[in-house]
Number of protein chains: 2
Amino acid sequence: MAPILLNVGNESTDYLEHGLVHVKNPHLDFMEEDILYHFNLGTKTHNLPAMFGDIKFVCVGGSANRMKAFAQFIFKELELKGDCNDIDDICAGTDRYSMYKAGPVLSISHGMGVPSISIMMHELIKLLHHAKCRDVTLIRIGTSGGVGLEPGTVVITDTAVDSFFQPQFEQVVLGKVIVRSTQLDENLAQELLQCGKEIPNLPTVLGNTMCTHDFYEGQGRLDGALCSFSTEDKLEYLRKAHEAGVRNIEMESTVFAAMCRVCGLKAAVICVTLLDRFKGDQISTPHELLLEYQQRPQYLVSHFIKKHLELHN
Amino acid sequence: MAPILLNVGNESTDYLEHGLVHVKNPHLDFMEEDILYHFNLGTKTHNLPAMFGDIKFVCVGGSANRMKAFAQFIFKELELKGDCNDIDDICAGTDRYSMYKAGPVLSISHGMGVPSISIMMHELIKLLHHAKCRDVTLIRIGTSGGVGLEPGTVVITDTAVDSFFQPQFEQVVLGKVIVRSTQLDENLAQELLQCGKEIPNLPTVLGNTMCTHDFYEGQGRLDGALCSFSTEDKLEYLRKAHEAGVRNIEMESTVFAAMCRVCGLKAAVICVTLLDRFKGDQISTPHELLLEYQQRPQYLVSHFIKKHLELHN
């Protein structure tokens with residue numbers, strides 16, 4: 001079936017004019033109530049503008065513990081009043097996602113893989129829309145496998161590509177394949193790269209990020225329960241990826257980029273690499289070092305957010 | 001690109017002869033250590049045969065809280081010695097998945113969507129292999145949207161199908177599309193259906209289960225942040241699904257079925273429906289009733305496990 005190319009127009013420039021978050025669904029206007037089921041929030045049960053209207057930055061990442069730690073970290077970095085340990089999980093009524101607010105920053109977990117983050121993104125975009133948020137920047141801070149990089153390197157995504165190294169996200173809607181562009185905001189990526197350079201001992205590069213739907217076979221790992229290819233097959237695939245500009249591999253960036261683009265949200269992806277996939281598949285780095293690596297995207301984003309808030313104050 | 005059809009041979013009958021769990025990866029034999037990263041377990045750091053060698057049933061589901069509740073429930077049902085509240089999360093060192101053991105039953109959460117459950121399945125199958133488990137039955141107990149069924153109906157999956165109603169799972173491996181069969185164990189499904197009939201007030205049907213990679217557009221919902229189709233388009237798709245034998249829609253069954261089949265594991269999928277998608281998209285059922293619905297697959301599985309253990313004692 002020939003894929004249908006959607007949303008390659010200039011929707012993504014809308015935010016420059018209005019600053020509002022665009023839902024692209026005419027049906028929403030006719031709904032009396034909107035239940036954001038996986039957040040355990042709703043338009044009738046919660047005052048979303050009062051709860052979220054001041055949000056300017058949304059940071060998302062796979063692990064609930066990590067996103068809680070980030071919320072506490074940015075709370076301290078922004079010198080907000082109160083005790084950072086008092087930040088409650090706004091989605092406490094469900095265990096699908098966790099959500100924490102620290103001043104103008106929202107920190108949300110999204111689980112692993114495209115379907116998991118896509119459910120979160122649908123409900124987050126509706127939340128920002130219902131809350132009438134303006135000029136919001138979304139940043140995914142995650143972990144990844146590196147392709148020819150020292151472990152611990154922070155990769156700011158230039159373009160999110162699929163397993164065929166294409167800058168697109170394919171999805172099935174009512175039995176038809178549709179394709180969306182995964183273009184991210186170039187200026188934002190450059191600005192984040194500059195932030196990385198300003199922080200000592202934070203190796204930061206700009207590169208393409210490959211998003212796969214499987215961690216083992218789908219990323220050419222030799223250590224899954226199933227594997228039908230050789231070490232040489234694996235290395236050849238990684239070499240091709242590297243030639244296509246891929247510097248890291250994760251599992252969420254394409255749908256994140258595609259949905260942000262359609263809805264006029266400025267977005268970036270910043271992932272630290274936990275290993276160099278040319279050298280291995282297993283993550284055997286000591287726990288303490290892994291924790292340190294995972295903080296690097298947080299330091300970078302904190303630096304970026306502080307710069308922006310100072311500019312506006 | 002023409003897809004490559006893999007693993008449609010008679011691998012799935014192997015378990016009848018040996019009862020062992022088959023990993024299908026020749027590389028594993030040459031690994032000194034196997035770190036099951038997302039479980040925070042490993043062959044050098046944990047005595048997996050001692051910890052898991054007696055496992056006969058593995059039940060998996062999306063939500064960590066629900067799988068903890070199931071472990072406590074089955075602990076009581078099996079009249080195991082001790083306090084069910086003392087069951088600890090075996091994966092406590094990570095928040096990617098939760099895992100609880102109650103006698104011969106392992107209960108694990110897998111998050112939402114195919115990529116998330118596939119990571120768990122790779123590591124689970126390796127765990128069962130390393131632990132030398134025999135005659136293991138895997139059952140996914142989940143929630144779903146119903147297609148023409150009363151909410152609260154329990155659907156035992158006949159065949160897991162994709163968004164095109166095909167009994168197959170497509171995956172990209174090293175840039176090539178491969179296709180695996182999603183055939184489940186027919187006898188097991190019939191046995192579970194019989195169990196459902198033996199429990200009062202537990203409406204149970206056998207039907208096909210459609211597995212999608214998106215909860216909103218991918219399932220024809222009109223209430224996501226994005227929607228480019230009409231109510232009539234949605235209903236037509238659901239009617240076609242119903243004609244193809246689909247009785248419920250969820251987001252994990254195809255890869256679960258495909259991986260179990262390849263590795264010679266008897267497997268079944270049992271999901272309760274939370275709403276009838278012909279009548280709506282939002283899950284607005286009261287919280288208490290949702291909780292009651294979600295216990296139904298647990299009652300059914302408990303009945304099945306008790307019957308089997310009595311037979312063998």
Side-chain angles (χ1 to χ4, degrees), chain A residues 6 23-28 31 33-35 37-38 62-66 95-96 111-116 118-119 121-123 125-126 129 163-164 171-175 212-218 220 222-229 231 233-234 236-237 240 251 259 262-263 282-284, chain B residues 6 23-28 31 33-35 37-38 62-66 95-96 111-116 118-119 121-123 125-126 129 163-164 171-175 212-218 220 222-229 231 233-234 236-237 240 251 259 262-263 282-284:
Chain A
L6 278 189
V23 292
K24 297 275 171 166
N25 179 357
H27 302 284
L28 286 183
M31 283 167 59
E33 179 180 13
D34 188 8
I35 298 170
Y37 176 69
H38 300 86
S63 148
N65 290 346
R66 182 152 43 81
D95 65 349
R96 300 297 189 171
M112 290 185 287
V114 158
S116 187
S118 93
I119 297 174
M121 288 296 292
H122 273 280
E123 301 189 10
I125 291 167
K126 292 199 295 177
H129 169 74
S163 303
F164 307 101
Q171 190 186 344
V172 184
V173 177
L174 304 185
T212 69
H213 300 307
D214 177 58
F215 184 80
Y216 287 97
E217 296 174 284
L222 301 165
D223 65 336
L226 311 176
C227 180
S228 53
F229 47 83
T231 306
D233 293 338
K234 164 201 158 171
E236 193 194 332
Y237 183 63
K240 281 187 196 162
M251 300 180 66
M259 290 184 71
V262 175
C263 296
Q282 293 240 310
I283 301 169
S284 52
Chain B
L6 277 188
V23 292
K24 297 274 172 168
N25 179 357
H27 302 284
L28 286 183
M31 284 167 59
E33 180 179 14
D34 188 7
I35 298 170
Y37 177 69
H38 300 85
S63 147
N65 291 345
R66 181 151 45 80
D95 64 349
R96 299 298 189 171
M112 290 184 288
V114 159
S116 186
S118 95
I119 298 174
M121 288 296 292
H122 272 281
E123 300 189 9
I125 291 166
K126 291 198 296 177
H129 169 74
S163 304
F164 308 100
Q171 190 185 347
V172 184
V173 178
L174 304 186
T212 69
H213 300 307
D214 177 57
F215 183 80
Y216 287 96
E217 295 174 284
L222 301 165
D223 64 337
L226 311 177
C227 181
S228 53
F229 47 84
T231 307
D233 293 338
K234 164 200 158 171
E236 193 194 331
Y237 183 63
K240 280 187 194 161
M251 300 181 66
M259 290 184 72
V262 176
C263 296
Q282 293 240 311
I283 302 170
S284 52

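Residue numbers start from 1 in every chain, and the chains themselves are labelled A, B, ... in the order their sequence lines are given, proteins ahead of strands.
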(request) Check whether any side-chain N or O of Q282(A) sits under 3.5 Å from a backbone N or O of I35(B) as a donor-acceptor pair, and report yes or no. (result) yes
(message) Just so I understand: if I count every heavy-atom pair under 4.5 Å between each of M121(A), E33(A), E217(A) and chain B, which residue has the most?
(response) E217(A)
(request) Using non-hydrogen atoms and a 4.5 Å limit, figure out which bit of H129(A) sits close to chain B: side chain, backbone, both or neither. (result) neither
(message) For the interface with chain B, which of L28(A), D233(A), I119(A) has the highest count of heavy-atom pairs at distances below 4.5 Å?
(response) I119(A)
(request) Pick whichever of S118(A), P115(A), G62(A) has the most heavy-atom pairs under 4.5 Å with chain B. (result) P115(A)
(request) Name the option with the most non-hydrogen atom pairs under 4.5 Å to chain A; the candidates are A64(B), P26(B), G111(B). (result) A64(B)
(request) Quick one: closest heavy-atom pair of H27(A) and F229(B), and the distance? (result) NE2-O, 2.8 Å
(message) At a 4.5 Å cut-off on heavy atoms, which part of T212(B) comes close to chain A: side chain, backbone, both, or neither?
(response) neither
(request) Return the option, out of Q171(A), K234(A), E123(A), R96(A), with the maximum number of heavy-atom pairs under 4.5 Å with chain B. (result) R96(A)
(message) Just to verify, what does E236(A) make a side-chain contact (heavy atoms from CB on, under 4.5 Å) with, not counting sequence neighbours?
(response) E232(A), R239(A), K240(A)
(request) State whether the side chain of N25(B) and the backbone N or O of G224(A) hold a donor-acceptor pair below 3.5 Å, judged by distance alone. (result) yes
(request) Could you check if a side-chain atom of V172(A) sits within less than 4.5 angstrom of a side-chain atom of H213(B), using non-hydrogen atoms only? (result) no
(message) When you compare the side chain of F215(A) with that of S116(B), does any pair of heavy atoms fall below 4.5 Å?
(response) no
(message) Out of I125(B), T231(B), N65(B), return the one with the most heavy atom pairs under 4.5 angstrom to chain A.
(response) N65(B)
